[in-house]
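In what follows, a single structure is set out as structure tokens and then discussed.
The figures here come from the full heavy-atom set of this structure, side chains too, leaving out hydrogens, waters and symmetry mates.
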Amino acid sequence: MGNNSSSTGPTCQIITEKERGGPIFIVLEDIAANRTETIKLSASKSSVTQSNVQLREKVKELEIWSEGKSDTYVDTVKISSLSDVELYTFPVQRWLKPGPGKRLFIPPFNCCLPQNDPHPGQRRRELNDKKKDFQMTSLADGCPVQVAGSPRQAIWAPEYKKAYFNIRDRCKSDELLLRLTQWGQVKQLSHFADLYDLGFKVPQGIENWWFDKMFGQQRLQGLVPNLIKLCKEIPASLNVTEEMVKDVLKDVSLKQAIQDKRLYLTDLTMLKGVKCIDGNVLCAPMALFFVDDEGDLMPIAIQLFPDELKAVQVFLPTDPPYTWLLVKMWYNLAEASWHLACANFGFSRLAMESVARCAHRNLSVSHPVSRLLAPHFNQLIPANREMLRMLDPGQWMDETTRIGRDGFIDILQRGWKSHWRMNVEGNLPRDLENREVDDTSALPNYHYRDDALPIWYAIEKYTGTVLKAHYDVPDKVSGDQELRAWRDEMTKSVAEGGAGIQGVPGEGEFKTVDDVIATVTSVIFTCTVSRAVSLQMYSQCAFPPNYPLNLVGNPITDKTRLTIDDVLKYVPNKQETLRMMSMTRLLSCKGNLRDTLGDFRNNFLFSPVGKAAVRRFREDMATISANNKKKERSPPFSYLDPDVIQTSCCF
């Protein structure tokens, strides 16, 4: 390669993906230290620059700079032959700052460990700049930390911003119209159908919602499918006796049910005393379930509050039917509140923003871990900023839910402190083992487990392929100062400037590549699969009797026989129901941008190993999706189909 070469090598066309700005200039240098003349790139956003550069030696790096008046983002520069054969890809994926001393040097593929980077000073300067940009804030003390403000590297991309606001504005306009035309109490179940006829899809939750079988299925494929656990003994605070449940269990004793692994428990007693809006009370229930002879998980007892004094009422399926129905509604309100604060916002959104912040501050764009995680952090920070507007005083959380803003924060603080560890709750196989629900013969029809596990292992294989190629010997893990700094900041307490994330793999440090694989797999899984569970909020919650976000009055405390009219008095009025429908539709939206798991809109892996890993990962996702579509389930469960799962929390 040379300035005025007479070589017969291929003439190049230079393809640039960038934001408008510049002008941008490049120089190519080969392994023999030959340099091309300066090439000015086309000014348009996506362009082809023709050049008479002749390539004779292997290209070592691209030098790129801007001579414009403002910063310009450049995504990739690709060198192709005139026959459109791609020769080199330089993933710049940075903002270029004009001025002397601001030139960047980008090798082909631009993916290497810091100890192997030929330009360590450039790498350090970039990370120092990011440390200044990515400052820390939080919703409240004890909540996952977030990125303060809106650093340029985390601004919403125009196409995502447009798609989100189109959806949000539609929800607002629909809600305004409907609130002007529909008022009053819901006095008949048919009134809900009238509301859906005015512009909303009939939610799946309206079907067979009163049956105990459906209530059991909600624990296995509903909003919180990772709460159910094997019951090995009756908890002291659950006032269930053999005599109480003998009519439900028929010829099976509690002791026998426990021995046969047929008894399961959900425990939401951590919600006791949650600060709700207007002084309302939120249940802190426990529920006992039994796997019947057909393999269905059936509720056999619900206690709405814990009590060591054995004075709290235990409700049973043999109680008056509408009384039992209302008890299930109060239970589901507690679980939906936990989901909203922890599973939806807290763990899959805010906790992952904590991880992303630490990554931005400590991992170069060129780091292989950064390149693996980048598609899954895409748009996360600006999307979180917008979604959290729901928590503003007097907004949706206060107007529509029982917990309100204060209850939301209270629940999130409790959950973040004691109910999410990266190596347990953030590690699906270990989480299933920890809850002892990994036995498919003992607990059948657990669709969340059965659909999520193949995806977990595919993600693990994908990340392992890439990371093992870079960390082929243990010393490369211990010698990676960026990796060490990332882990240190994730695990340090917030008071020390860290994120306070519990259970990051490795005992005080990443000792092996397997520790790194486990961490990256957990983050990708949480950003994608865990988040996908929330996409059923509309189908579950838009029919309030099925999975209410609010109920009127106080939880029942006795077994007085009720009627359906009595039950409906607890249901929010039409205005509140419409707002609930509108906002759960927004929370369930996937957007209209094709960006599903494996089918990345924004790729960051360009090396041969990386491209092959992405290709195999896409093949694995296609196979899993095809297998899912063959499963016959009633009701359908499609939320963990890779064709549905979004690559990131972009909405």
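In this structure, W65 and F25 have parallel ring planes: the angle between them is below the 30° cut-off, well short of the 60° mark. Ring orientation note: the planes of W486 and F510 are tilted relative to one another, at an angle of 30° to 60°. Ring geometry for Y471 against H367 counts as tilted: the plane angle lies between 30° and 60°, on a 0 to 90° scale.
Contact of the D620 side chain with the I455 side chain is not registered, since no non-hydrogen atoms from C-beta on lie closer than 4.5 Å. Proximity of F109 to P608: side-chain heavy atoms (C-beta onward) are separated by under 4.5 Å at one or more points. With a 4.5 Å cut-off on side-chain heavy atoms, N362 and L127 do not count as touching. Between N628 and P642 the shortest side-chain heavy-atom distance falls below 4.5 Å. Using a 4.5 Å heavy-atom cutoff, the side chains of L350 and W416 are not in contact. Looking only at side-chain heavy atoms (C-beta outward), E482 and L113 stay at 4.5 Å or farther from each other.
At a threshold of 4.0 Å, the pair K97-D129 counts as salt-bridged, since one of the basic side-chain nitrogens sits closer than that to a carboxylate oxygen. A salt bridge does not link E67 to K40: none of the charged nitrogens lies less than 4.0 Å from a carboxylate oxygen. Between D643 and K629, at least one side-chain nitrogen of the basic residue sits less than 4.0 Å from a carboxylate oxygen of the acidic one, meeting the salt-bridge criterion. Ionic pairing of D472 and K476 is present here: one or more N-O contacts between side-chain nitrogen and carboxylate oxygen are shorter than 4.0 angstrom.
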Step by step, would you call H360 with V147 a side-chain contact (heavy atoms from CB on, under 4.5 Å)? CA-CA 10 Å; H360 279 297; V147 174; 6.0 Å; no
Pair M136-F134, side-chain contact (heavy atoms from CB on, under 4.5 Å): steps then yes or no: CA-CA 7 Å; M136 181 173 65; F134 284 80; over 6 Å; no
Hey, mind stepping through R531 and T526 against side-chain contact (heavy atoms from CB on, under 4.5 Å) and telling me if it holds? CA-CA 6 Å; R531 161 63 185 150; T526 306; over 6 Å; no
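Not one N or O on the side chain of R357 forms a donor-acceptor pair closer than 3.5 Å with the backbone of I381. In this structure, S648 contributes its side chain and L380 its backbone to no donor-acceptor pair below 3.5 Å.
Distance check: E425 CD to S530 OG gives 11.0 Å after rounding to the nearest 0.5 Å. Atom CG of residue L432 and atom CG of residue N427 lie 9.0 Å apart, to the nearest 0.5 angstrom.
The two residues S66 and I24 come nearest to each other via the heavy atoms CB-CD1, 3.6 Å. Considering all non-hydrogen atoms of both residues, C589 and L535 come closest at O-CD2, 4.1 Å. Taking each heavy atom of P98 and D71 in turn, the nearest pair found is CD-OD1, 3.2 Å. The minimum heavy-atom distance between S534 and S588, with the atom names listed, is O-OG, 4.0 Å.
Between the side chains of R430 and S522, not a single donor N or O lies within less than 3.5 Å of an accepting N or O.
Residue pairs satisfying the salt bridge (Lys or Arg N to Asp or Glu O under 4.0 Å) criterion with at least one member in residues 109-120, sequence neighbours excluded, are listed as follows: D117-R123.
Of the options T463, V466, D480, L467, a side-chain contact (heavy atoms from CB on, under 4.5 Å) to V369 is made by L467 and by none of the others.
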